[in-house]
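In what follows, a single structure is set out as structure tokens and then discussed.
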Amino acid sequence: MSILLIGGLDRMEKDYIHIGSKRGHNVKVYTQLPTRFEKVMGEPDGIVLFTGTVSHAMVKVAVKVAKNRNIPIIRSHSSSLKALERELSKLEECAC
């Protein structure tokens, strides 16, 4: 499953990717707003938003893309590794 993680802490990016790969997911992490974010996002199977550590502009684009492409989106205020595991479990349940 391809997961797009938006937000989080820069220093934990490798940890987020490791957690996702341990569960069999390909995780792409964006902690900062890149140029042409809507194009860079690709076609993920699910989106996890860490709302406590993300700009409103990134949330706005992510929600718009998710709605238009019918991609499930999970929001979490916490950006911890435990929160990521919890949110990945929710996405896995949605995919079944």
I3 versus I47: any side-chain heavy-atom pair under 4.5 Å?
no
Quick check: is M12 connected to I17 through a chain of hydrophobic side chains (ILVMFWY, heavy atoms under 4.5 Å apart)?
yes
Do the non-hydrogen side-chain atoms of P44 and I71 ever get within less than 4.5 Å of each other?
yes
Is there a side-chain contact (heavy atoms from CB on, under 4.5 Å) between V65 and K39? Walk through the geometry before answering.
CA-CA 10 Å; V65 168; K39 304 273 187 208; over 6 Å; no
Within a strict 4.5 Å, meaning less than it, do heavy atoms of the P72 and L91 side chains meet?
yes
Not counting sequence neighbours, list each pair that qualifies as a salt bridge (Lys or Arg N to Asp or Glu O under 4.0 Å) and has a residue in residues 43-55.
E43-R69
Test of understanding: clusters of I, L, V, M, F, W, Y form through side-chain heavy atoms closer than 4.5 Å, transitively. Do L5 and L33 belong to the same one?
no
Minimum heavy-atom distance between S79 and F50, given as atom pair plus value:
CB-CD1, 3.5 Å
Return the set of residues passing side chain to side chain contact (heavy atoms under 4.5 Å, CB included) with K14 (not counting sequence neighbours), or none when no residue passes.
none
Output all residues satisfying side chain to side chain contact (heavy atoms under 4.5 Å, CB included) with K22, sequence neighbours left out; order by chain, then residue number.
H18, I19
Less than 4.5 Å apart, any side-chain heavy atom of T53 and any of L9?
yes
Shortest non-hydrogen pair, V29 vs Y16, comes out as CG2-CB, 4.1 Å
Just jot down the side chain to side chain contact (heavy atoms under 4.5 Å, CB included) partners of K64, sequence neighbours excluded, or say none.
E38, N68
What pairs with S76 under side chain to side chain donor-acceptor pair (under 3.5 Å), at least two apart in sequence or on another chain?
none
Stepwise side-chain contact (heavy atoms from CB on, under 4.5 Å) test for N26 and M1:
CA-CA 6 Å; N26 180 22; M1 185 181 246; over 6 Å; no
Does I73 belong to the same Ile/Leu/Val/Met/Phe/Trp/Tyr cluster as Y30, with side-chain heavy atoms less than 4.5 Å apart forming each link?
yes
Which residue pairs pass the ring-ring contact (aromatic ring centres under 6.0 Å, His included) test with at least one member in residues 56-79, sequence neighbours excluded?
none
For the atom pair OG (S2) and NZ (K28), what is the distance rounded to the nearest 0.5 Å?
7.0 Å
Ion pair E87/K90, N-O distance below 4.0 Å
yes
Residue pairs passing the salt bridge (Lys or Arg N to Asp or Glu O under 4.0 Å) test where at least one lies in residues 51-60, sequence neighbours excluded
none
Using the side chain to side chain contact (heavy atoms under 4.5 Å, CB included) criterion, which residues pair with V54? Sequence neighbours excluded.
I6, M58, V59
I want to check something: taking the side chain as every heavy atom from C-beta on, are V63 and L49 in contact at a cut-off of under 4.5 Å?
yes
If the condition is salt bridge (charged side-chain N to carboxylate O under 4.0 Å, His left out), which residues does E85 pass it with, not counting sequence neighbours?
K82
Residue list, side chain to side chain donor-acceptor pair (under 3.5 Å) with S80, at least two apart or on another chain:
S78
With sequence neighbours left out, the residues meeting salt bridge (charged side-chain N to carboxylate O under 4.0 Å, His left out) with R23 are E92
